[in-house]
Amino acid sequence: MNPERIKASCIAYYNQMHEQYLEDYRDELSKKPYDKDFLLRFIENIPFKGSVLDIGCGAAAQQARFLLSSGLKVTSIDLSEKCIETAKKNFTGIDFLRMDMTEMDFADESFDGIIAFYSIIHVPDEKLGTLFRRLNKILRINGKIAISVHAGNFYGYHNAGEMAVFYRTYTPEELTGHLSGHGFKIVEINQRKPICDFEFQSERIYLIAEKIKGLPAVEHKKHQVNL
Ligand SMILES: C[S@@+](CC[C@H](N)C(=O)[O-])C[C@H]1O[C@@H](n2cnc3c(N)ncnc32)[C@H](O)[C@@H]1O
């Protein structure tokens, strides 16, 4: 599958759905005690007034607002410019930026914590290496990352009306493998069933990991110059 087509499918889908997303997800967290408890366990490990990056915040920025209300300094990024515009218009106190998570260019060790709720489900295999390497780079040593994804073995396009958006699921082994291979230690990993009346009907994985070491710089091959 072509990664650029995958990226374009996400931008088009979320640019079209941003208002619906705001309406559907603005207050969703109040109906999800499991997610709240998970976020609270993550927050406990972040220093007072620490800085956290929220990856793929969506138009409703529901997790970012929860972090903000807990006294953290929050930066949120999203690939869809419409989601970022809508979030900016509706919510204050968060630094919203339009950015592709696979191209993040924050300074090394900028954040005490990172969260990514249902956003790395839109990243194809070809870009996972660079994503996990960047996550390691921008998180301080001993910083925590909290990730939630749909569990399973799906990899492809979901037809949503006239649009097709790429998404993928993960097995617990795949997810822990990517983290362990990029300088992280798993702190907890759990799976839960969908909440039956309003959630997409999938099993979900919730994982917290800690950065225990940095990664060596990638060697770029230099052209040989004969002098
Ligand atoms: C399912 S929504 C989740 C939104 C929010 N985290 C939540 O749980 O309500 C996925 C979000 O990830 C964003 N996204 C997808 N690919 C991305 C990428 N490469 N970089 C940054 N954001 C991305 C989408 O634009 C979308 O807003």
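Start at 1 and go down the list; that is how both ligands and their atoms are numbered.
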Asker: Quick one: list whatever passes side chain to side chain donor-acceptor pair (under 3.5 Å) with E44, sequence neighbours left out.
Answerer: none
Asker: Between D112 and K211, does any NZ, NE, NH1 or NH2 come within less than 4.0 Å of an OD or OE carboxylate oxygen?
Answerer: no
Asker: Can you tell me how far CG of L67 sits from OG of S76, rounded to the nearest 0.5 angstrom?
Answerer: 8.0 Å
Asker: I'd like to check L97 versus I84 (side-chain heavy atoms, cut-off strictly below 4.5 Å). Are they in contact?
Answerer: no
Asker: Under a 3.5 Å threshold, I'd like every N/O contact between ligand 1 and protein atoms, with atom names and distance.
Answerer:
from     : atom 1 : to   : atom 2 : distance (Å)
ligand 1 : 6 (N)  : G56  : O      : 2.8
ligand 1 : 6 (N)  : Q63  : OE1    : 3.3
ligand 1 : 6 (N)  : F117 : O      : 2.9
ligand 1 : 8 (O)  : Q63  : NE2    : 3.0
ligand 1 : 9 (O)  : Q62  : NE2    : 2.8
ligand 1 : 19 (N) : D100 : OD1    : 2.9
ligand 1 : 20 (N) : M101 : N      : 2.9
ligand 1 : 22 (N) : L79  : N      : 3.1
ligand 1 : 25 (O) : D78  : OD1    : 2.6
ligand 1 : 27 (O) : D78  : OD1    : 3.3
ligand 1 : 27 (O) : D78  : OD2    : 2.6

Asker: Would you list the pairs meeting ring pair (Phe, Tyr, Trp, His ring centres under 6.0 Å) in which at least one residue belongs to residues 112-150, sequence neighbours left out?
Answerer: Y14-H122, F38-F117, Y118-H150, F132-H178, F132-H182, H150-F200
Asker: In chain order, what residues pass the ring-ring contact (aromatic ring centres under 6.0 Å, His included) check against F111, with sequence neighbours excluded?
Answerer: F106
